[in-house]
Amino acid sequence: MKSLLLLSILAALAVAVLCYESHESMESYEIYPFTNRRNANTFISPQQRWRAKAHERIRERTKPTYEINREACDDFKLCERYAMVYGYNAAYNRYFQQRRGGK
């Protein structure tokens, strides 16, 4: 009987802990949780938007070599699987280094 009482108390405690609803989840019940289409682009000024696009283009042109190697490895399934175990640097060296004149 004591074990049944203890089990029921533990079950009630587990239900109370797992079913607790925090106030963070109440945010979805707001009347207007998102901005409307008219105000969606007002966060960033046109000048800031232009700077961000220009900066992104510069970053795309001048990628670091490790990122270029990682993208090359991501396109090749065997290299990607090897990278999951040994890392992208080791995988790139194994599958692509010989083509670039190494070893």
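- Smallest separation of non-hydrogen atoms from Thr62 and Ile58: OG1-O, 2.8 Å.
- A continuous path of hydrophobic side-chain contacts links Phe96 to Leu78 [ILVMFWY only; heavy atoms under 4.5 Å].
- Expressed to the nearest 0.5 Å, how far CG of Leu13 lies from CD1 of Ile9 amounts to 9.5 Å.
- In this structure, Phe76 is a member of the same hydrophobic cluster as Tyr92, with clusters built from ILVMFWY side-chain heavy atoms closer than 4.5 Å.
- Every pair passing salt bridge (Lys or Arg N to Asp or Glu O under 4.0 Å) that includes a residue from residues 66-75 is listed here, sequence neighbours excluded: Lys63-Glu71.
- Note that CZ of Arg94 is 11.0 Å distant from SG of Cys73, once rounded to the nearest 0.5 Å.
- Remark: Gln47 CD is loosely packed, at most 12 non-hydrogen atoms of other residues, nucleotides or ligands lying under 6.0 Å away.
- Of all non-hydrogen atoms in Cys79 and Ala91, the two that sit nearest each other are O-CB, 3.5 Å.
- In this structure, Tyr86 has its ring center under 6.0 Å from that of Tyr82.
- The distance from atom CG of Asn89 to atom CD of Gln97, rounded to the nearest 0.5 Å, is 8.5 Å.
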Worked verdict on Arg57 versus Glu60 for salt bridge (Lys or Arg N to Asp or Glu O under 4.0 Å) = CA-CA 5 Å; Arg57 285 189 204 116; Glu60 281 294 320; over 6 Å; no
